[in-house]
2 protein chains.
Amino acid sequence: MGFSIPEVSIRRLSIYLRCLRQALSRGEEWIQSTELARTCGISSSLVRKDLSYFGEFGIRGRGYRVEKLIKAIEEIIGIDEPIKVIIVGAGNLGRALIRHLQEIPYFRVVGAFDKNASKVGSTVSGVRVYPVAEMEKFSRETSPQIAVLAIPPEGLQETVDMVSRAGIRGVLSFALQGIKVPPGVVMNYVEIASEIEFLSYKIKKGSVA
Amino acid sequence: MGFSIPEVSIRRLSIYLRCLRQALSRGEEWIQSTELARTCGISSSLVRKDLSYFGEFGIRGRGYRVEKLIKAIEEIIGIDEPIKVIIVGAGNLGRALIRHLQEIPYFRVVGAFDKNASKVGSTVSGVRVYPVAEMEKFSRETSPQIAVLAIPPEGLQETVDMVSRAGIRGVLSFALQGIKVPPGVVMNYVEIASEIEFLSYKIKKGSVA
DNA sequence: TTGTTTAAGTTATAACTTTCACAAAAACCA
DNA sequence: TGGTTTTTGTGAAAGTTATAACTTAAACAA
């Protein structure tokens with residue numbers, strides 16, 4: 001029983017969720033693993049295996065009830081209740097992220113933080129920018145679950161430590177930097193440059209072959 | 001010899017590159033696999049294995065010459081020459097991406113595109129916004145290698161097809177959508193919502209255990 | 001030289017992930 | 001009601017990736 005669910009399986013839940021929502025919006029009540037697999041670009045056995053890590057959601061001979069499966073996955077992921085997010089760094093990327101995330105119904109961007117006094121006090125999509133020094137106080141009052149860091153790599157360690165002290169346990173960073181992640185904190189990176197570099201390699205390799 | 005290099009290994013090259021650049025900026029001339037592994041949070045045997053897919057870059061008993069290894073990885077990835085990038089979608093995210101990528105020396109954001117006439121003609125960080133209809137003409141003249149799509153999922157298929165027709169073979173999308181990727185095109189997704197969802201699962205699970 | 005140390009490169013093993021193939025269960029039909 | 005069809009859920013096999021262990025080469029000191 002003491003086995004762990006592969007991280008890739010967890011990540012694929014998000015993909016399934018998107019495909020399922022689309023199916024729901026098309027008015028489909030039932031979906032089969034083969035159909036879900038096709039729309040997600042994944043094999044049907046993998047879809048079934050991934051879901052089996054979390055329980056039994058389908059009916060044999062019938063498929064999955066779209067609405068029920070969406071609810072189930074949302075609960076597994078933990079987005080059945082809106083997730084409170086803060087943005088650290090109110091530069092170009094930070095402000096774009098605020099607007100972007102505010103449009104997603106199950107996220108609430110509850111605040112933004114910047115060390116630059118000129119940005120503090122401004123509002124982006126109804127989200128107020130606070131000085132970083134107020135993060136701990138803010139966190140005690142509002143209890144955000146996740147911090148999205150849109151800051152340069154230089155200040156990353158300091159910021160992660162601060163976020164951790166404020167009791168936030170999930171951190172998404174747009175700067176990739178080898179730092180010491182405080183215990184109890186889960187850190188995740190999205191480095192746009194790396195993604196483009198990966199593409200660069202692939203297209204370069206493709207043109208040679 | 002017809003084995004393929006794991007995608008994860010290619011992706012890790014970008015991580016190594018960042019750590020190596022840091023080491024270089026600290027004035028370090030040589031680096032060992034153990035040290036590179038430590039700063040990247042990867043095991044040393046994996047570092048050596050990853051590099052071995054591409055050649056022999058080190059000296060036994062000594063380590064890797066930092067500068068030489070950086071050059072080697074840059075060439076493997078294909079960023080020894082600046083990469084020309086276009087941004088499609090000049091909304092909040094698109095404009096932030098222009099500014100973000102313009103700061104990276106080995107990327108050149110050569111143009112942006114938007115279907116909204118009100119955005120066409122404007123300039124962001126010295127990058128001009130063109131109407132999407134001009135993409136093919138622009139591409140013939142400028143030959144960008146990669147398109148970054150900061151557009152909503154609804155228009156994704158259409159845009160990918162257009163980008164493909166313009167001869168661009170690498171596409172990075174910020175919207176995740178099950179679409180048909182044209183032959184010869186390499187597509188890569190960065191879905192911020194999915195990354196936060198993954199964190200949500202992890203912190204939820206951590207707090208239960 | 002020659003022996004010793006160090007660390008890359010490589011092979012072998014272990015761990016993990018995906019696919020395959022089939023049993024079990026629900027639905028449907030005659 | 002019983003047989004047939006369908007599709008899930010799952011255990012085993014295959015394939016892939018990571019780690020550990022080992023071999024080789026370079027550097028250095030005596």
Side-chain angles (χ1 to χ4, degrees), chain A residues 1-16 19-20 23 28-73 76 198 201-202, chain B residues 1-17 19-20 23 28-73 76 198 201-202 205:
Chain A
M1 259 310 209
F3 71 97
S4 68
I5 296 164
E7 289 210 347
V8 276
S9 296
I10 298 158
R11 287 178 173 276
R12 277 192 296 262
L13 291 184
S14 294
I15 300 176
Y16 300 150
C19 292
L20 288 165
E28 294 168 24
E29 200 180 338
W30 292 88
I31 196 165
Q32 286 74 46
S33 63
T34 47
E35 171 64 9
L36 185 53
R38 203 184 49 73
T39 54
C40 296
I42 286 164
S43 79
S44 66
S45 52
L46 189 50
V47 169
R48 293 199 300 277
K49 183 120 241 179
D50 282 341
L51 294 176
S52 78
Y53 288 123
F54 303 96
E56 298 192 12
F57 306 105
I59 294 174
R60 295 176 190 212
R62 200 77 204 283
Y64 303 89
R65 261 186 58 84
V66 174
E67 210 168 343
K68 193 186 148 197
L69 189 53
I70 288 174
K71 288 240 171 68
I73 294 178
I76 293 163
F198 177 73
Y201 173 86
K202 293 292 261 186
Chain B
M1 263 295 178
F3 72 97
S4 68
I5 297 164
E7 289 208 348
V8 276
S9 295
I10 299 159
R11 286 177 174 276
R12 277 192 296 262
L13 290 183
S14 293
I15 301 176
Y16 299 150
L17 199 48
C19 292
L20 288 165
E28 293 167 25
E29 201 180 338
W30 293 87
I31 196 164
Q32 287 74 46
S33 63
T34 48
E35 172 64 10
L36 185 54
R38 205 184 49 74
T39 55
C40 296
I42 287 165
S43 78
S44 66
S45 52
L46 189 49
V47 170
R48 295 198 299 277
K49 177 130 244 186
D50 281 341
L51 294 176
S52 78
Y53 286 124
F54 303 97
E56 298 192 11
F57 306 104
I59 294 174
R60 294 177 190 209
R62 200 78 204 282
Y64 303 90
R65 263 186 58 85
V66 175
E67 210 168 343
K68 192 186 149 197
L69 189 53
I70 288 174
K71 288 239 171 69
I73 294 178
I76 293 163
F198 178 73
Y201 173 85
K202 293 292 260 187
K205 202 189 152 210

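With sequence neighbours excluded, no residue forms a salt bridge (charged side-chain N to carboxylate O under 4.0 Å, His left out) with A:Glu67. Residues satisfying the salt bridge (charged side-chain N to carboxylate O under 4.0 Å, His left out) test with A:Arg65, not counting sequence neighbours, are A:Glu29. Residues that satisfy the side-chain contact (heavy atoms from CB on, under 4.5 Å) test with A:Thr39, not counting sequence neighbours, are A:Cys19, A:Glu35, A:Leu36. Taking A:Ser45 as the reference, A:Ser43, A:Arg48 meet the side-chain contact (heavy atoms from CB on, under 4.5 Å) condition, with sequence neighbours excluded. Applying the side-chain contact (heavy atoms from CB on, under 4.5 Å) test to B:Glu28 and every residue at least two apart in sequence or in another chain returns B:Ala23, B:Arg26. Shown here are the side-chain hydrogen bond (donor to acceptor under 3.5 Å, both in side chains) partners of B:Tyr16, two or more places apart in sequence or in another chain: B:Asp50.
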Pair up each side-chain donor or acceptor in residues 52-60 of chain A with any protein partner under 3.5 Å, not counting sequence neighbours, and list the distances.
from, atom 1, to, atom 2, distance (Å)
A:Ser52, OG, A:Lys49, O, 2.6

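Two residues are said to be in side-chain contact when any heavy atoms from C-beta on lie closer than 4.5 Å; B:Ile10 and B:Ile76 fail this criterion. Put simply, the side chain of B:Ile70 reaches to within 4.5 Å of the side chain of B:Val66, judged on heavy atoms. Counting only heavy atoms from C-beta outward, the side chains of B:Lys205 and A:Ile5 never approach each other to under 4.5 Å.
The overall bend of the helix from C:dT1-D:dA30 to C:dA30-D:dT1, read as the angle between its terminal helix axes built from five base pairs each, is 0° when rounded to 10 degrees.
Where B:Ser9 and A:Glu56 each meet DNA chain D at their nearest nucleotide, the meeting point lying more 5' is that of A:Glu56.
Atom CG of B:Leu69 and atom P of C:dA8 are 10 Å apart (whole Å). With rounding to whole Å, A:Gln32 atom CD is found 13 Å from C:dA27 atom C1'.
Annotation: proximity of residues 58-68 of chain A to DNA chain D (heavy atom, distance under 4.0 Å) is found for A:Gly58, A:Ile59, A:Arg60, A:Gly61, A:Arg62, A:Gly63, A:Tyr64, numbered in ascending order. A heavy atom lying under 4.0 Å from DNA chain D marks the following residues of residues 42-54 of chain B, by number: B:Ser43, B:Ser45, B:Leu46, B:Arg48, B:Lys49.
The two residues B:Leu51 and B:Leu13 have their closest heavy-atom pair at CD2-CD2, 4.3 Å. Minimum heavy-atom separation, A:Ser44 to A:Thr34: CB-CA, 3.8 Å. Here the closest non-hydrogen pair linking B:Arg62 and B:Gln32 is O-NE2, 2.9 Å.
On the nucleic acid side, DNA chain D has its first and last nucleotide under 4.0 Å of a heavy atom of chain B at D:dT17 to D:dA26, going 5' to 3'.
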